[in-house]
Amino acid sequence: MKETRLYMSMPSHTENQEHHDANRGGSFESHSTTAGRGGRWSTKRIAVYALFVALTIVLSYVSIPIFPAAPFLKYDPSGIVVLVAGFAFGPLATAVVGTLGFVPHIFSNPFGALIAIIVALALGLPAAFIYKRIRTRKGAVIGILVGSVAGLAAAILCNVIITPIYAHMSFQQVLGMIIPVLLPFNLMKFAIHGVITFLIYKPISVLVNH
């Protein structure tokens with residue numbers, strides 16, 4: 001709901017700057033969802049965070065085979081929500097959504113959930129920090145690219161270290177999968193994340209701001 005304000009005088013420089021920041025380069029800043037004075041969170045902000053977490057949980061159960069050479073590796077679009085949350089509300093939102101969004105998987109697949117959380121944070125945090133500093137389409141692209149590289153490195157490293165513990169595979173077997181399987185699959189995964197995020201983040205910014 002659009003907030004209505006009554007001014008007894010001309011808007012101050014600070015107010016003009018806030019209006020400029022909210023419209024420059026597809027910014028996601030929204031007064032109704034930011035923390036209040038003293039760092040207190042508003043009810044609306046908590047509700048929106050909860051919505052992003054719930055959407056991440058739902059999408060994390062989507063399994064789409066995208067790499068015929070390794071059909072056991074499935075794509076899920078939950079990382080897109082983590083990226084958009086970070087663009088919308090900053091790194092803190094990335095940490096919250098990227099962690100709580102995968103908590104339900106801890107009970108059925110704890111090691112897989114751990115990998116998912118690490119990769120989501122590696123992807124989302126750099127993107128959110130960069131977009132927080134450069135609130136333009138260029139900043140979004142740079143953030144997505146840097147986050148994708150970090151997420152790719154985290155995904156391969158986690159698979160090499162953690163997968164042998166629970167997947168009945170040796171360390172050498174996992175190493176042998178890096179080039180033919182893990183690298184191309186994760187490149188495809190983060191490419192899909194990045195393209196979709198770039199296409200939808202501005203429309204979602206309008207929705208969040210109103």
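The closest side-chain heavy-atom distance from K74 to P65 is below 4.5 Å. Between Y201 and R137 there is a side-chain heavy-atom pair separated by less than 4.5 Å. Looking at I196 and L199, their side chains never come closer than 4.5 Å, going by heavy atoms from C-beta outward.
For the side-chain contact (heavy atoms from CB on, under 4.5 Å) criterion with L123, the lone passing option out of V82, L83, T197 is L83. Put simply, the residue from V119, V149, I144 that forms a side-chain contact (heavy atoms from CB on, under 4.5 Å) with F190 is V119.
The heavy-atom pair separating V97 from A85 by the smallest distance is CG2-CB, 3.9 Å. The shortest heavy-atom contact between N186 and L182 is ND2-O, 2.8 Å. Nearest heavy atom pair, residue A150 against residue A122, reads CB-O, 3.4 Å. Contact record, G90 with A128: C-CB, 3.9 Å, taken as the closest heavy-atom pair.
Sorted by first and then second residue, the side chain to side chain donor-acceptor pair (under 3.5 Å) pairs with a member in residues 90-112 read S60-H105; sequence neighbours excluded.
V96 and F102 are members of different hydrophobic clusters when ILVMFWY side chains are connected at heavy-atom separations under 4.5 Å. Under the 4.5 Å side-chain heavy-atom criterion for grouping Ile, Leu, Val, Met, Phe, Trp and Tyr, F67 is connected to I192 within one hydrophobic cluster. The cluster map of Ile, Leu, Val, Met, Phe, Trp and Tyr, joined by side-chain heavy atoms under 4.5 Å apart, puts Y131 and F198 in the same cluster. In the hydrophobic clustering of this structure, I118 groups with L152; members are Ile, Leu, Val, Met, Phe, Trp, Tyr whose side-chain heavy atoms approach within less than 4.5 Å, directly or through other members. Linking ILVMFWY residues whenever their side-chain heavy atoms come closer than 4.5 Å, directly or via other members, leaves V58 and I200 in distinct clusters.
Side-chain polar atoms of R45 and Y49 form a donor-acceptor pair below 3.5 angstrom.
For H193 and Y75, the ring centers are positioned less than 6.0 Å apart.
The neighbour count for Y61 OH, taken as heavy atoms of other residues, nucleotides or ligands under 6.0 Å away, is above 12.
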